[in-house]
Amino acid sequence: MSVPIVVVGAGLAGLRVAEQLRAAGDTGLIVVIGAEAHPPYNRPPLTKDALRAGVDAAKLIFRQKPSTADVEWRLGRTVTGADLVNRTVTLDDGETLAYRGLVAATGVGPRRLPLDAPLAWRHVIRTLEDATALREELRPGARVAVLGAGFVGTEVAATAAQLGCEVHVVDPLATPLVRSLGELVGSEIRRRHEEHGVTFHLGRSVAAMTGRDDRPDTIFLDDSSALPADVVVEAVGSAPNVAWLEGNGLALDNGITCDVHLHPLGPDGPVRDVVAVGDVANFPNPLFGAEPQRVEHWSWPTETAGHAARSLLAKIALDPPSGTAFTPLPTFWTDQYGTRIQSLGMPGLGLEDVRVLEGEPTGECAIGYHVDGRLVGVALIGLVRRLLAYRTQLLDARAIAVT
């Protein structure tokens, strides 16, 4: 039996890299291992359409290309460890699997608050099962406490409000989405939520939660105030799933630190028979400077998969790394109350120089984020038809940055 390329992670990143390995000409065995029992599926609807209308797995599962029909999918299995010297991974049943190339595509999992309260009623949203469990709780009149005012938290809050729930959002920062999109856009998003009845408790942390084994009762904040709650949603960020790579000398403090070719950096330099894809890849992008950046956008697996596949196959063929600069452009969108909010580039890098490029924040607008006068990010509230024009501006800025 031939030695496979092993892809650890059977989400969108795992699917896209399998497709790109085939597109780049690899005809050997590919094995994709994933902890969930489901084939790769679309996650963004889990906080929006799936919560409103119910979870339909058949509509969310990605259609696979004919080129990946011979890929071996091992679903409902977990990789517990890897030996990068001997080129093996170990599965949860003790099986050891050798590889000719290894892809880390394990994505992220939800963070949890360090509180003594049953996880059974502390909802998170990452999987189909998570969304199904939360959807059953979002009944009209239900008192919903959303802990976290980032993208997931505000999407869940908007959906719950539209379903007739009484929604309270708690966050230690003073403005929703302030780290990602800044004060101007964050304040406008807050205003729109408040128009729909959402109450914010900002600059506040959760001190304790109480309830029965099967249901919450009260959320206590650090100012001694109390929020009655029938439903609790934790949306306090995510953590890269990288524990299975521990013990190999890699830098794993923020995903997997990689070189520009998406090879993890080991004690002796890049580990060229391994690549990282999607949310776990922490690598330098010349468009945004020399420091590694890790991106958790839906488009990122697709953006990184092709480059990772070519880098891995170059090592297998003993070819030198490509000299072409890899400068993908991050993109993200969120739909809230019928308005699409889109992010292009890296707005979080340009929060010290934010300008209204067109329109008005209370209506439709484009907001630009700059570093040393150069455009590094754009946020659009509405203005859907202007997306390509601003993408072109950012691509022009990219050309200047890497010249």
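For the numbers below, each heavy atom of this structure counts, side chains included, while hydrogens, waters and symmetry mates do not. Remember, predicted model here, so these are calculated numbers, not experimental data.
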Salt bridge (Lys or Arg N to Asp or Glu O under 4.0 Å) contacts in which one or both residues fall within residues 198-212, not counting sequence neighbours: Arg204-Asp222, Arg204-Asp223, Arg212-Asp214
Salt bridge (Lys or Arg N to Asp or Glu O under 4.0 Å) contacts touching residues 101-123 (sequence neighbours left out): Arg112-Glu234, Arg122-Glu234
Residues forming a salt bridge (Lys or Arg N to Asp or Glu O under 4.0 Å) with Asp319, sequence neighbours excluded: none
All salt bridge (Lys or Arg N to Asp or Glu O under 4.0 Å) counterparts of Arg43, not counting sequence neighbours: Glu36
Under the ring-ring contact (aromatic ring centres under 6.0 Å, His included) rule, collect the residues that match up with [X], sequence neighbours excluded.
| X | answer |
| --- | --- |
| His370 | none |
| Trp73 | none |
| Phe332 | Phe151, His297 |
| Phe283 | Phe326 |

For residues 23-32, which side-chain N or O atoms pair as donor and acceptor with protein atoms under 3.5 Å away, sequence neighbours left out?
residue	atom	partner	partner atom	Å
Asp26	OD1	Arg100	NH1	3.0
Asp26	OD1	Arg100	NH2	3.4
Asp26	OD2	Arg22	NH1	3.3
Asp26	OD2	Gly28	N	3.3
Asp26	OD2	Arg100	NH2	3.0

Please identify each residue that fulfils side-chain hydrogen bond (donor to acceptor under 3.5 Å, both in side chains) with [X], with sequence neighbours left out.
| X | answer |
| --- | --- |
| Asp217 | none |
| Thr132 | none |
| Glu303 | none |

